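Taking it in order: structure first as structure tokens, then the write-up.
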There are 2 protein chains.
Amino acid sequence: MTADKAAPAHKGQSGESVRQHNLSTVLRLVHLQGTILRSKITATTGLNRSTVSDLVSELSELGLLVEKETVAPTGVGRPSLAVTATDNIVAFSVNPEIDATTVSAVALSGRVVTKERRLMRSHPTADNAIAVASEMIAKMSKELEPGTRIVGVGVSVPGQVRSSDGVIRFAPQLGWVESAFAAALSQETGLPVYLGNDASLGCIAEARFGAAKGINDAVFLFAGSGGIGGGVISEGRTVSGAAGYAGELGHIRISSSKQVDYSGFPGTLEALVRRNDLLDIFKLYVATDEELDAEIRSTESTKAKRLIEDQIDSLADGISTLVNIFNPEVVVLGGFLTSLFEFAPDQLISKMKRGALAAASERVVIRKGALGSNLLVLGAAELPFEALINAPSSFSLTDA
Amino acid sequence: MTADKAAPAHKGQSGESVRQHNLSTVLRLVHLQGTILRSKITATTGLNRSTVSDLVSELSELGLLVEKETVAPTGVGRPSLAVTATDNIVAFSVNPEIDATTVSAVALSGRVVTKERRLMRSHPTADNAIAVASEMIAKMSKELEPGTRIVGVGVSVPGQVRSSDGVIRFAPQLGWVESAFAAALSQETGLPVYLGNDASLGCIAEARFGAAKGINDAVFLFAGSGGIGGGVISEGRTVSGAAGYAGELGHIRISSSKQVDYSGFPGTLEALVRRNDLLDIFKLYVATDEELDAEIRSTESTKAKRLIEDQIDSLADGISTLVNIFNPEVVVLGGFLTSLFEFAPDQLISKMKRGALAAASERVVIRKGALGSNLLVLGAAELPFEALINAPSSFSLTDA
DNA sequence: AGATACTTGTTGTTTAAAACAACAAATACA
DNA sequence: TGTATTTGTTGTTTTAAACAACAAGTATCT
């Protein structure tokens with residue numbers, strides 16, 4: 001099972017589909033805000049008070065949200081009720097890495113209920129990861145509060161995912177090729193499983209809950225040891241492409257360099273802004289982003305500074321291309337790109353503006369991601385939540 | 001007046017808005033197809049027969065479309081009625097160039113009713129162009145068939161347009177800077193005026209009526225004497241960015257070249273794939289795309305072939321970056337890029353695939369544009385038509 | 001040629017859901 | 001304490017899509 005494709009174009013709207021749409025709209029609003037006043041729902045949706053009342057009570061009866069009396073009254077007039085997404089609806093988030101797998105339970109309210117990281121031997125096979133994940137999900141399911149219901153499982157994949165059938169096409173760091181991951185994990189867990197590219201999911205998370213909350217046009221660049229990934233939000237929608245492979249922003253070409261000491265495409269952003277090059281110059285084998293950040297902040301080495309500045313220039317070139325293409329409001333950086341940015345923000349910004357059209361770049365803001373280690377946890381959980389939100393009244397939940 | 005921004009997110013749907021949506025859906029379907037059977041409308045919208053009947057008759061009463069009996073019956077059963085967009089609703093299309101302005105009247109049916117090109121002294125001022133365009137519109141209005149009603153005016157601008165208020169920010173070839181073009185032309189003509197970037201409009205035209213008809217994810221690259229422009233359709237929507245400046249695909253960086261004989265950004269697609277370089281090598285001062293195409297096809301000069309091949313390689317680099325970013329189904333080329341493609345399609349395709357991710361590039365098709373000289377005519381007319389289609393029952397039309 | 005199956009348009013009725021209206025509840029402020 | 005203000009609640013109205021039954025027209029089969 002995987003995320004649905006966009007609704008077919010030229011579709012008419014019947015009475016029933018309107019109801020579904022409105023239920024979705026209200027539930028989405030509550031999910032995004034965590035808690036929201038009913039009067040606020042009325043205002044933002046433009047629906048009638050009584051209609052909102054009806055919609056909210058239908059969603060309450062479905063057990064998806066709860067109405068409480070407001071504690072702190074808001075002003076003149078009868079106090080409005082607070083509508084909260086329940087903690088009793090959870091999605092599992094599975095985040096495989098090279099040497100570990102993290103599984104979390106995330107509530108519809110946005111709360112990360114539990115989070116467990118299990119170390120594994122390096123480069124596990126896909127079957128291996130599926131076995132570990134399903135075992136962890138089974139264990140964690142039992143530990144959930146009684147009455148909790150499960151929406152499904154979202155998996156962040158460091159590689160290319162075919163969205164139509166949940167197949168991992170190629171995950172270079174893990175060495176997985178053509179794995180029917182979603183089907184297999186769904187088989188093991190009995191739950192619907194949805195896959196997404198890690199950077200795309202990070203992008204979704206930052207756009208909904210983090211640094212680009214409320215922004216309709218944003219570009220994301222996340223970097224880790226495996227390279228640079230990205231995502232794009234255009235007019236509030238993620239740009240996913242014909243088959244779901246869009247957003248490979250690390251592979252944009254910014255130089256004619258023909259370097260050969262690199263397995264990917266020479267001259268691309270990912271080839272010129274490399275975490276490993278930084279580690280090398282600091283003589284580190286492995287390091288967390290925090291450790292690397294500390295080195296970058298404190299270094300006195302001219303050679304290191306030179307490398308950092310070169311990488312900043314390359315990053316700026318990449319961003320200016322993206323700004324020309326997307327004209328975003330915000331560019332969000334994650335991973336060690338944040339450290340580069342904070343090393344010399346003015347250098348990055350001015351170089352970027354020199355390579356970008358004035359009109360497109362004049363209002364762009366570059367900022368760092370806000371979700372930290374919960375980035376992929378929240379991002380992956382959004383996949384099952386999205387499915388639930390798109391069909392609140394007919395979605396079938398599994399008892400924990 | 002300009003094109004509206006996307007509808008606010010989190011908007012609920014009332015009964016009336018559903019009706020508007022359904023009227024829009026039907027009218028859009030008819031507009032895109034020119035003529036369509038009522039049974040086909042029923043099938044594609046999923047609405048009930050009787051509902052479609054009602055919607056079509058409301059649109060007929062508004063004078064936007066006509067029902068006729070089918071001439072050639074389609075098969076078993078009662079023949080369905082043919083629904084046709086009327087020729088009595090027209091939009092004006094204004095296409096300013098360096099040395100001429102073209103004004104056309106385009107019917108909702110897609111027919112180009114009239115088209116007139118007026119030569120002007122080189123590099124007219126914006127006021128100049130406004131005066132000429134409004135005079136031509138006034139004259140052509142009188143010549144329209146009696147009973148014809150006018151939707152508005154769409155203008156293709158070779159430069160950056162701020163979509164929120166119809167201001168031309170910068171049109172380098174024309175030398176226009178910060179011109180409130182839409183407001184001024186609207187003042188002169190008494191008609192609503194909408195502006196769009198020329199490449200974006202070409203993109204819309206090819207996506208709706210041309211080489212990417214029915215495709216939901218497509219990338220467009222158009223080249224002329226002024227450089228390379230582009231546009232992107234993602235999940236059926238144009239990517240326009242926060243302020244409407246997105247799609248400057250000519251300005252993506254593909255090389256670290258620091259060449260100085262160029263006014264734009266060195267190392268970008270537009271700097272490396274230049275029409276003028278081709279003209280120079282063929283010792284031409286000016287030439288139509290057809291003339292240039294003939295030269296490219298027939299040349300025996302090794303030097304010329306070398307330049308052409310270099311440009312093909314650069315174009316391929318640009319396309320591979322775009323394929324990695326957007327994962328489109330189709331890449332449409334226009335202007336002299338078509339000639340480059342046809343000179344050595346295999347070279348272009350293989351070089352592109354070498355620079356693009358296998359998953360994203362495996363199903364991409366590169367093809368030439370299909371609309372020829374009507375590209376911008378149809379594209380610009382889509383702006384007013386879109387406004388009409390989005391509000392069929394409340395849009396106020398002007399009598400010719 | 002005539003009967004039959006099939007598809008579509010038409011008309012009148014039903015239904016679902018949002019809007020509306022009137023009132024009650026709960027707060028702030030004069 | 002009284003009044004204005006805002007919001008929730010309840011019962012009624014309205015709108016538009018769905019539904020159902022029938023009529024119209026075409027193709028196919030015998």
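Note on naming: letters A, B, ... go to the chains in the order of the sequence lines (proteins, then strands), and numbering restarts at 1 for each one. The basis for the numbers below is simple: all heavy atoms, side chains too, and nothing from hydrogens, waters or symmetry mates. Just so it is clear, the structure is predicted and the values come from calculations on it, not from any experiment.
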Rounded to whole angstrom units, what separation is found between the CD atom of B:Glu58 and the P atom of D:dT15? 13 Å
Separation of C:dA22 atom C1' from A:Arg49 atom CZ, nearest Å, is 11 Å
For the backbone of B:Ser39 and the side chain of B:Ser80, can you confirm whether one donor and one acceptor N or O come within less than 3.5 Å of each other? yes
For atom CD of A:Gln20 and atom C1' of C:dA18, their distance in whole Å: 15 Å
Please determine, for the side chain of B:Arg78, which listed nucleotide (C:dT7, D:dT9, D:dA18) has the closest atom? C:dT7
For the backbone of B:Ala205 and the side chain of B:Glu382, can you confirm whether one donor and one acceptor N or O come within less than 3.5 Å of each other? no
Taking only the side-chain heavy atoms of A:Leu47 (C-beta and beyond), determine which of C:dA19, D:dA17, D:dA4 contains the nearest atom. C:dA19
Side chain of A:Asn22 only, please: which of C:dT27, D:dT9, C:dA18 is the nearest? C:dA18
Expressed in angstrom and rounded to an integer, what is the separation of A:Leu37 atom CG from D:dT7 atom P? 9 Å
Check the distance between D:dT15's P and B:Leu23's CG and give it to me in whole angstrom. 15 Å
Side-chain donor/acceptor of A:Glu206 to backbone N/O of A:Ala212, under 3.5 Å: no
Side chain of B:Ser50 only, please: which of D:dA20, C:dA28, C:dC6 is the nearest? D:dA20
Does B:Arg19 place a side-chain N or O at less than 4.0 Å from the phosphate oxygens OP1/OP2 of C:dA17? no
By nearest heavy atom, map A:Glu69 and A:Thr51 onto DNA chain C; which one lands nearer the 5' end? A:Thr51
Selection from C:dA19, D:dA27, C:dT10 that lies nearest to any side-chain heavy atom of B:Ser53: C:dT10
Rounded to whole angstroms, how far apart are CD on B:Glu67 and C1' on C:dT8? 12 Å
Regarding A:Thr42, tell me which of base, sugar-phosphate or nothing describes its non-hydrogen contacts under 4.0 Å with the strands shown. nothing
Does the side chain of B:Ser39 get closer than 4.0 angstrom to OP1 or OP2 of C:dT8 through an N or O atom? yes
If you only use heavy atoms from C-beta on, which nucleotide in C:dA19, D:dT9, C:dT10 is closest to the side chain of A:Asn48? C:dA19
With a 3.5 Å distance limit and no angle check, can you tell me whether A:Asn327 reaches the backbone of B:Gly244 through a side-chain donor-acceptor pair? yes
Determine, stepwise, if the pair A:Glu58 / A:Ser393 fulfils side-chain hydrogen bond (donor to acceptor under 3.5 Å, both in side chains). CA-CA 9 Å; A:Glu58 179 165 345; A:Ser393 62; 4.9 Å; no
Pick the nucleotide of DNA chain C nearest each of B:Lys40 and A:Asp54; which residue has the one closer to the 5' end? B:Lys40
What is the separation between atom NE2 on A:His21 and atom P on D:dA16, rounded to the nearest whole Å? 17 Å
Rounding to a whole Å, what distance do you find between B:Leu81:CG and C:dG9:P? 5 Å
